[in-house]
Amino acid sequence: MNTILSKTFFNRPTLTVAQDLLGKYLVRQVKGQLVALEINEVEAYDGPSDRACHAARGKTPRTAVMFGPAGHFYVYFVYGVHWMLNIVTGREGYPAAILIRGAGNITGPARLTKFLGIDKTFNAAAAAKSSGLWIEDRGVIVPRHLTQRTPRIGVAYAGAVWAAKPYRFLYTK
DNA sequence: ACGATGATGAAC
DNA sequence: TTCATCATCGTA
């Protein structure tokens with residue numbers, strides 16, 4: 001059975017949700033066609049004290065979505081070129097999100113959004129059929145020994161302590 | 001190793 | 001209003 005994950009799943013501690021996202025499916029529906037990719041790489045950005053999290057410098061028009069309810073997408077533009085897809089986690093008022101970096105055979109967050117046709121129009125959208133983009137539990141059991149935790153990519157600016165946090169989660173078959 | 005390419009936020 | 005920075009990728 002394929003269960004669409006709802007707010008209940010995302011409204012939990014960010015690191016827990018990040019670990020649990022491995023093996024879940026990112027599903028995109030466009031013109032009646034479904035594309036489903038198994039999530040295998042994510043990064044957690046957890047709260048105002050996380051110096052790598054965009055919300056660490058307060059609530060701004062860009063980061064406002066992260067302060068909202070869990071289960072919505074935070075999509076932003078970086079390096080003048082790429083769109084990044086995140087899903088908001090945790091309780092309302094607590095800014096946190098998870099960057100989806102890889103799914104299926106697509107490696108790299110920018111390649112993933114390009115492949116699925118995701119851009120700013122998905123920012124603040126709910127992860128649900130109504131938006132054409134959601135996440136499903138398809139019953140995959142991920143053996144713990146096939147997962148890894150490493151520091152996050154490209155966050156040296158956050159300082160030694162936060163850059164070293166093992167907030168990147170990988171699932172390799 | 002580096003340039004592309006533009007939104008963002010902080011400083012002035 | 002200007003400027004440095006940036007959760008990356010493709011080409012070299």
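Each chain gets a letter, A, B and so on, in the order the sequences are listed, and its residues count up from 1.
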Show me, range against range, the stems involving DNA chain B, built from at least 3 consecutive Watson-Crick or G-U pairs below 3.5 Å.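 Stems for DNA chain B, defined as runs of 3 or more consecutive pairs: B:1-4 with C:8-11, B:6-11 with C:1-6.
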
Does anyone know the first and last nucleotide of DNA chain B in reach of chain A, 5' to 3', at under 4.0 angstrom to a heavy atom?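 The contact span of chain A on DNA chain B goes from B:dA4 to B:dA10.
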
Check nucleotides 8-12 of chain C against the protein and report each pair of N or O atoms closer than 3.5 Å, with its distance, or say if there are none.
from   : atom 1 : to       : atom 2 : distance (Å)
C:dT8  : OP1    : A:Arg101 : NH1    : 3.2
C:dT8  : O2     : A:His82  : NE2    : 2.7
C:dC9  : OP1    : A:Pro109 : N      : 3.3
C:dC9  : OP1    : A:Ala110 : N      : 3.4
C:dC9  : O4'    : A:His82  : NE2    : 3.1
C:dG10 : OP2    : A:Arg111 : NE     : 3.0
C:dG10 : OP2    : A:Arg111 : NH2    : 2.9

Member of A:Val88, A:Ile98, A:Leu5 meeting the side chain to side chain contact (heavy atoms under 4.5 Å, CB included) criterion with A:Phe10: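 That would be A:Leu5.
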
With a 4.0 Å heavy-atom cut-off, tell me which residues in residues 40-63 of chain A come close to DNA chain B, sorted by residue number.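 A:Arg57, A:Thr60, A:Arg62, in order of number.
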
Tell me, please, which residues at least two apart from [X] pass salt bridge (Lys or Arg N to Asp or Glu O under 4.0 Å).
X: A:Lys173; value: A:Glu38
X: A:Glu41; value: A:Arg101, A:Arg168
X: A:Arg12; value: A:Asp20

A:Tyr94: hydrophobic cluster co-members (side-chain, 4.5 Å):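 Once heavy-atom contacts under 4.5 Å are chained together, A:Tyr94 still belongs with nothing else.
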
Shared-cluster residues of A:Leu170, by chain and number - hydrophobic side chains joined below 4.5 Å: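 Same cluster as A:Leu170: nobody, lone residue.
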
Check: A:Asn11 side chain, A:Arg91 main-chain N or O, donor-acceptor pair, under 3.5 Å: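 Yes; judged by distance alone, with no hydrogens or angles, the pair exists.
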
Using 0.5 Å steps for rounding, measure from the CG atom of A:Leu15 to the OG1 atom of A:Thr89.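 Answer rounded to 0.5 Å: 8.5 Å.
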
At what distance, to the nearest 0.5 angstrom, does CD1 of A:Ile141 lie from CG of A:Leu146?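 Going from the CD1 atom of A:Ile141 to the CG atom of A:Leu146 covers 12.5 Å.
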
Do any pairs count as a side-chain hydrogen bond (donor to acceptor under 3.5 Å, both in side chains) and have a residue in residues 69-84 of chain A, sequence neighbours left out, and if so which ones?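 Counting only pairs at least two positions apart or across chains, the side-chain hydrogen bond (donor to acceptor under 3.5 Å, both in side chains) contacts touching residues 69-84 of chain A are A:His54-A:Tyr74.
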
Residue pairs, two or more places apart or on separate chains, that pass salt bridge (charged side-chain N to carboxylate O under 4.0 Å, His left out) and touch residues 46-63 of chain A: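 The answer is A:Asp50-A:Arg152.
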
Can you run down the salt bridge (charged side-chain N to carboxylate O under 4.0 Å, His left out) pairs that involve residues 108-133 of chain A, sequence neighbours left out, and say none if there aren't any?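 Listed once each, the pairs would be none.
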
Could you walk me through whether A:Ile100 and A:Asn86 pass the side chain to side chain contact (heavy atoms under 4.5 Å, CB included) check? CA-CA 6 Å; A:Ile100 301 179; A:Asn86 303 249; over 6 Å; no

Rounding to an integer number of angstrom, what distance separates C:dT2 and B:dT5 when you compare their P atoms?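 Nearest-Å result for C:dT2 against B:dT5 at atom P: 22 Å.
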
Answer yes or no: does a side-chain N or O of A:Tyr157 lie under 4.0 Å from OP1 or OP2 of C:dA7?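 Indeed, a polar side-chain atom of A:Tyr157 lies that close.
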
